[in-house]
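Everything numeric here is computed off the predicted structure, so don't read it as measured data. Note that these values count all heavy atoms, side chains included, but never hydrogens, waters or copies made by symmetry. Convention: sequence-line order gives letters A, B, ...; per-chain numbering from 1.
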There are 2 protein chains.
Amino acid sequence: MIKKSSKQRDAIIQSVKNRRDHPTADEIYAQLRESYPNISLGTVYRNLAKLSEAGFITRISCIEGADRFDGDTSSHYHFQCITCRKICDIDMDVDTNLNAKVEKLLDAHVDDHMAMFFGTCCKCKGLAKI
Amino acid sequence: MIKKSSKQRDAIIQSVKNRRDHPTADEIYAQLRESYPNISLGTVYRNLAKLSEAGFITRISCIEGADRFDGDTSSHYHFQCITCRKICDIDMDVDTNLNAKVEKLLDAHVDDHMAMFFGTCCKCKGLAKI
DNA sequence: ATTAAATTAGTAACAATTATTATTATTGAG
DNA sequence: CTCAATAATAATAATTGTTACTAATTTAAT
């Protein structure tokens, strides 16, 4: 799929890998424009799609708004605050046994699973008290 | 939020509740047009949003394409085939202990969590063999 | 029945994403 | 190293999924 290298794609990989905030395509675009003032938003979208398809990064689909991307491809769960909409990683073991369990239940082949926890983050919880 | 009834909304609830295939707004629209030839797509979207906000149905966000809706609001996990993109329910206990665990880890308030398993369904697995 | 408010159909607007096209950059063969 | 082949790009147009708007209709409480 990916056949030649490019500075833009390298910068996109770097950006996603370095950030911890699960950015959207637009946020990555905004960041990269500082170093590459005429990078195209289409290039960002195209490369995020290629990179996630190739397994270099992970795409996270959100109920509201744009998809987000995670440079950490190791299996882990996420939490999303329903107030500020931010996503953060959860430092908790992933139950890989579930994959085999689901395989049996559905007679399917299971590659992986993802989990998203919903609630109110510590910051927004605090604000609510005021 | 919802203050008055309407035939259209009742039909939308019925459709989502009766179907087992986690339809998109467009699919529900297509179905309802058979009985309500001039129902508006906007009405379908607006009511799906209201109904899921009110907890009558559940919205499922997918990595590719449109959101899907589930008439079964009981907590359960989903499986999505990466080939045919269909979503099906998994008849497996939901680990509700995880919510409390995440609350402690993040000092957050956790309402719920969802899980999506990815792989190849039995049908598509079969087809691959041919 | 009257009336006020909610809901609708239809359409326009919008945001996120993908496709197109002409141009530029990368790479591998000679 | 040069240069053609072709992958990747910037810019822009088009598409898709969704929401907002408005005038007309329907609902429910007098």
Inset, instruction - Apply ring pair (Phe, Tyr, Trp, His ring centres under 6.0 Å) to B:Y77 and B:H113, showing your working. - result: CA-CA 9 Å; B:Y77 295 149; B:H113 74 273; 5.7 Å; yes
Inset, instruction - Can you measure from CD1 (A:I12) to CZ (A:R46) and round to the nearest 0.5 angstrom? - result: 8.0 Å
For nucleotides 13-16 of chain D, which of its nitrogen or oxygen atoms have a protein nitrogen or oxygen under 3.5 Å away, and what is each distance?
none

Inset, instruction - Give me the residues of residues 39-50 of chain A where at least one heavy atom lies under 4.0 Å from an atom of DNA chain D, by number, or none. - result: A:I39, A:S40, A:T43, A:R46, A:N47, A:K50
Inset, instruction - Flag yes if more than 12 heavy atoms outside A:K50 fall under 6.0 Å of its NZ atom; otherwise flag no. - result: yes
Legend entry - Enclosure of B:D91 CG (heavy-atom neighbours >12, cutoff 6.0 Å): no
Legend entry - For DNA chain C, the residues among residues 21-36 of chain A that have a non-hydrogen atom under 4.0 Å from it: none
Legend entry - Short side-chain to backbone donor-acceptor contact, B:R9 and B:K4, under 3.5 Å: yes
Inset, instruction - Without swapping roles, check the side chain of B:K125 against the backbone of A:D107 for a donor-acceptor pair under 3.5 Å. - result: yes
Legend entry - Residues A:R59, A:E53: salt bridge by 4.0 Å N-O rule: no
Legend entry - Residues B:D89, B:R20: salt bridge by 4.0 Å N-O rule: no
Inset, instruction - Examine the base of D:dA8 for any acceptor or donor lying under 3.5 Å from a partner atom in the side chain of A:K3, and report the outcome as yes or no. - result: no
Inset, instruction - Could you tell me whether the side chain of A:K4 has a donor or acceptor atom within less than 3.5 Å of a complementary atom in the base of D:dT6? - result: yes
In whole Å, what is the span from the [atom1] atom of [X] to the [atom2] atom of [N]?
X	N	atom1	atom2	answer
B:K7	D:dT26	NZ	C1'	9 Å
B:R9	D:dT25	CZ	C1'	15 Å
A:N38	D:dA8	CG	P	19 Å
B:M1	C:dT7	CE	C1'	12 Å
A:D67	C:dA16	CG	P	11 Å
A:D10	D:dA7	CG	P	18 Å

Legend entry - Min side-chain heavy-atom separation A:I90-B:K101 under 4.5 Å: no
Legend entry - Note, A:D111 side chain near B:I82 side chain (heavy atom, < 4.5 Å): yes
Legend entry - OP1 or OP2 of C:dA9 under 4.0 Å from side-chain N/O of B:Q8: yes
Legend entry - B:S6 side chain near C:dT8 phosphate (N/O to OP1/OP2, under 4.0 Å): yes
Inset, instruction - Among D:dG17, D:dT9, C:dT26, find the nucleotide with the atom closest to the side chain of B:A66. - result: D:dG17
Inset, instruction - Determine whether A:L98 and B:V102 fall in the same hydrophobic cluster, where Ile, Leu, Val, Met, Phe, Trp and Tyr are linked whenever their side-chain heavy atoms lie under 4.5 Å apart. - result: no
Legend entry - Same apolar cluster (I L V M F W Y, side chains within < 4.5 Å links), B:F118/B:M114: yes
Inset, instruction - Nearest-nucleotide wise, let me know which of A:P37 and B:R59 is further upstream toward the 5' end of DNA chain D. - result: A:P37
